[in-house]
Amino acid sequence: MKLKEVKRTVLRVLGNLLLNFLLDLLCRTLRIKIINEQVIDSLVKQNKNFVFAFWHRTMLVPWFINSNKKFAALTSLSKDGDLLANLLDKWKYQVVRGSSSRGGEDALSNMVEYAKRDYSVAITPDGPRGPIFEFKAGAVITAKRTGIPVVLAGTYYLKKRTLNSWDKMEIPKFFSEVYIKLSEPIYVESDLNYDNTSRIIKECEDQLNKLQKEAEELNKD
């Protein structure tokens, strides 16, 4: 390996370590309020795992609140996916790489296998490239194949920075309040046909968008 390539590799590793440290530190300063948290508490008490789904735009804190737990995560094969995979590895996730366009079926099969081994599964259903707020099938198909429920999470950052990305990704500011509103568990019958499965996917999309708006309204109470 040439010296220039070695330097580039070292700088990339150091940059990833610094970014992971800063994001972890940021999340630990946040004041996170979870509405309907008893949904998760009840599933945990029953030793039930679940699919946890949240939009890509607000994904940082939903990833964070499930750190150091028995979770698997789906991330893309892109360079941005590399950064996220490194962070999630620090947060003790089992990371599966793939997307609807690259390695999708293999990634979905791996997520199903983790779910069958009693891991909960975290997914951004409109990631990694959108369309924004469009619920792709992975979360519902995982639930359908394993019998575990889907729990949706609408997330709102009171103070944030917005990145110039396809989804206008939001990063909360240090010490910001964060509001997360959870759905009730959504179970998907294993014998549903294509049309009814598609209907459940659309209902999840509508409900997650509704939770997103409701989370935003919480700061006005």
Note to self: Applying the side chain to side chain contact (heavy atoms under 4.5 Å, CB included) criterion to Cys204, which one of Asn209, Val51, Ile186 satisfies it?
What the structure shows: Ile186
Note to self: Quick check: closest heavy atoms across Ala115 and Thr142, and the distance to 0.1 Å?
What the structure shows: CB-CG2, 4.4 Å
Check: Around Phe174, counting heavy atoms of other residues, nucleotides and ligands shown, do more than 12 lie under 6.0 Å from its CZ?
Finding: yes
Margin query: Tell me whether Tyr194 shares a hydrophobic cluster with Leu108, the cluster being built from Ile, Leu, Val, Met, Phe, Trp, Tyr side chains joined at under 4.5 Å.
Written below: no
Checklist line | Salt bridge flag under 4.0 Å for residues Arg28 and Asp24 | finding: yes
Margin query: Within the structure provided, determine whether Lys210 and Lys213 are in side-chain contact (heavy-atom separation under 4.5 Å).
Written below: no
Notebook entry, point to check: Got Asp167 and Trp55 here, is their nearest side-chain heavy-atom distance under 4.5 Å?
Noted result: no
Checklist line | Closest non-hydrogen atom pair, Trp166 against Pro128 | finding: NE1-O, 2.8 Å
Notebook entry, point to check: Looking at Ala153 and Leu208, what are the two nearest heavy atoms and their distance?
Noted result: O-CD1, 3.5 Å
Margin query: Suppose we call two aromatic rings close when their centres sit under 6.0 Å apart. Are Phe50 and Phe71 close by that rule?
Written below: yes
Checklist line | Under 3.5 Å donor-acceptor, Lys48 side chain and Ile148 backbone | finding: no
Item checked: Test: Lys33 cationic atom under 6.0 Å from Tyr179 six-membered ring centre, within 45° of axis -> no
Next item on the list: State whether the number of non-hydrogen atoms from other residues, nucleotides or ligands found under 6.0 Å of Glu189 atom CD is greater than 12.
Entry: no
Check: Using 4.0 Å as the upper bound for N to carboxylate O, is an ion pair formed by Glu203 and Arg199?
Finding: yes
Check: So, Asn66 and Trp91: side-chain donor and acceptor under 3.5 Å apart, yes or no?
Finding: no
Item checked: Close side-chain approach of Leu26 and Ile171, heavy atoms under 4.5 Å -> yes
Item checked: Sidechain-backbone polar pair: Glu170 side chain, Arg161 backbone, donor-acceptor under 3.5 Å -> no
Checklist line | Side-chain ion pair, Asp206 and Lys202, N-O less than 4.0 Å | finding: yes
Notebook entry, point to check: Under 3.5 Å, is there a donor-acceptor pair between the Gln38 and Asn36 side chains?
Noted result: yes
Check: So which heavy atom on Tyr93 is nearest to which on Ala73, and how close?
Finding: CD2-CB, 3.5 Å
Notebook entry, point to check: Closest approach of Phe54 and Ala122, non-hydrogen atoms and distance?
Noted result: CE2-CB, 4.2 Å
Item checked: Gln46 and Ser42: side chain donor to acceptor below 3.5 Å -> yes
Notebook entry, point to check: Hey, is the main chain of Leu152 close enough, under 3.5 Å, to the side chain of Ser183 for a donor-acceptor pair?
Noted result: yes
Check: Can you find a heavy atom in the side chain of Lys70 that is under 4.5 Å from one in the side chain of Asn49?
Finding: no
Next item on the list: Might you point out which heavy atoms bring Lys144 and Leu192 nearest each other, and give the distance in Å?
Entry: NZ-O, 2.7 Å
Margin query: Is a donor from one side chain sitting under 3.5 angstrom from an acceptor on the other, for Ser120 and Lys69?
Written below: no
Margin query: Quick check: do Met59 and His56 have side-chain heavy atoms less than 4.5 Å from each other?
Written below: yes
